[in-house]
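Just so it is clear: chains get the letters A, B, ... in the order the sequence lines come, proteins before strands, and each one is counted from 1.
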2 protein chains.
Amino acid sequence: MLLLSAARALVDGIDAGVRASGFTGLRPAHGYAFARLSGAGATVTELAEHLEITKQAASQMADELVQKGYVERRPHPTDARARLLVLTPQGEACTRAADAAAEQTLRPWAESLTPAELAGLRAALARLATPGRIRPTW
Amino acid sequence: MLLLSAARALVDGIDAGVRASGFTGLRPAHGYAFARLSGAGATVTELAEHLEITKQAASQMADELVQKGYVERRPHPTDARARLLVLTPQGEACTRAADAAAEQTLRPWAESLTPAELAGLRAALARLATPGRIRPTW
DNA sequence: AGAATTAGTCAAGCTGCTTGACCAAATAGT
DNA sequence: ACTATTTGGTCAAGCAGCTTGACTAATTCT
């Protein structure tokens, strides 16, 4: 229960921080999309797999993010069917704001632990966590 | 990120365990309703506040749980407007199954820590967690 | 007693997701 | 090389879970 509540607090903190930085019209779910698109970008299909939703839903979300100026559709360099989704500068700024908000939310918590405790906790969480499956989806 | 992933793993574990115990037609969100109803029960309004949804949505969820045999509507002992939602024996069995599944999911994790580490972790999570706000909702 | 509040439901509507059908590009099978 | 299958993406329709809005009945306030 504590674990779930803490996760909720983190999400709320990130969401509030992003909103406070002036990025509007974003739901927490978008953060998981940003995480996948950040860097080299991804296709709609890859995004769908990452979010564990259908291609249609992922495409729809991409439309929304494009329309809001966070994402850009580019032709795929090697596959003429596919289109590469890439973060715009605004999208990247938003991910930086989200990272900062997460860091800020966790700061008082991290400070209350010794580095050794923190490392142990991190390792313990890593053991329980299923890699990739980040979004709670319920 | 690890925190979110671990929370997801826990929810998945509980959901799978409950399903494996033969309780069908339940979504993880129902677990949070059960947690509130367990014990003395609650009114629709109290359930709505706990889940942070509207009374209408809570009432609808209650209908669904009644229809599936997990919850019962009783007249409220002191307020003739209100109706008390109470878990049926099947509903209580389900919460026990959920508790067991949670315990089982966390077992390998708890075993890898010393009791002192576990206590420290619990305290740290409690400091970050916002009381009551359990459901991530995104 | 009358006014305002509170518990709950009915109805309609929206949003984010799903399934199903389809086209165009790429890959595999001979 | 040329068909056959697979793969990336979109269009369309539908569904589930939630919302806002309007209302009734019981309760509480003054």
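- A:L84 places its CG atom 14 Å from the C1' atom of D:dG9, with the value rounded to the nearest Å.
- Between B:L51 atom CG and D:dC18 atom C1' there is a gap of 12 Å when expressed in whole angstrom units.
- Regarding contacts with the backbone of C:dG16, a side-chain N or O of A:R27 is found under 4.0 angstrom from either OP1 or OP2.
- Taking 4.0 angstrom as the limit, A:T43 places a side-chain polar atom (N or O) nearer than this to OP1 or OP2 of D:dG9.
- In this structure, the side chain of A:T88 engages the main chain of A:G69 through a donor-acceptor pair within 3.5 Å.
- A chain of hydrophobic side-chain contacts below 4.5 Å, direct or via other Ile, Leu, Val, Met, Phe, Trp or Tyr residues, connects A:V11 to B:L2.
- A salt bridge links A:R27 with A:E64; the closest basic N to acidic carboxylate O contact falls under 4.0 Å.
- Put simply, A:S59 has a side-chain N or O that comes within less than 4.0 Å of OP1 or OP2 on D:dT10.
- Near DNA chain D, meaning a heavy atom under 4.0 Å from it, residues 60-77 of chain B has B:Q60 in order of number.
- Side-chain atoms of B:S21 come within 3.5 Å of backbone N or O of B:G17 as a donor-acceptor pair.
- Considering only the side chain of B:I53, D:dT19 comes nearest among D:dT19, D:dG8, C:dA7.
- Regarding B:R81, its CZ atom lies at a distance of 5 Å from the C1' atom of D:dA26, rounded to whole Å.
- Contact between the side-chain N/O atoms of A:T54 and the OP1/OP2 oxygens of C:dT18 is found at a separation under 4.0 Å.
- B:D79 has its CG atom 10 Å from the P atom of D:dA26, to the nearest Å.
- End-to-end axis angle for the helix from C:dA1-D:dT30 to C:dT30-D:dA1, using five pairs per end and rounding to 10°, comes out at 30°.
- Straight-line distance from the NZ atom of B:K55 to the P atom of D:dA22: 14 Å, rounded to whole Å.
- Rounding to whole angstrom units, CD of residue B:Q56 and P of D:dC18 are separated by 12 Å.
- Applying the side chain to side chain donor-acceptor pair (under 3.5 Å) definition to pairs two or more places apart or across chains, those involving residues 92-105 of chain A are A:E103-A:R107.
- When heavy atoms are screened at a 4.0 angstrom cut-off, A:A57 is found touching base atoms of the nucleic acid.
- Hydrophobic clustering (side-chain heavy atoms under 4.5 Å, transitive across Ile, Leu, Val, Met, Phe, Trp, Tyr) keeps A:L84 apart from A:V71.
- In this structure, B:A82 reaches the sugar-phosphate backbone alone: every heavy-atom distance under 4.0 Å involves primed, P, OP1 or OP2 atoms, never a base.
- As rounded to whole Å, 13 Å separates atom P of C:dT15 from atom NE2 of A:H30.
- Put simply, the side chain of B:E46 gets close to the backbone of B:T43: a donor and an acceptor are under 3.5 Å apart.
- A:L51 and A:V86 are members of different hydrophobic clusters when ILVMFWY side chains are connected at heavy-atom separations under 4.5 Å.
- For the OP1/OP2 pair of C:dG8 and a distance below 4.0 Å, the side-chain nitrogens and oxygens of B:T45 include at least one atom meeting the criterion.
- Residues B:L125 and A:W109 have side chains in contact (heavy-atom distance under 4.5 Å, counting atoms from C-beta outward).
- No side-chain heavy atom of B:E72 sits under 4.5 Å from any side-chain heavy atom of B:L87.
- For the pair B:R83 CZ and C:dT6 C1', the interatomic distance rounds to 16 Å; values are reported in whole Å.
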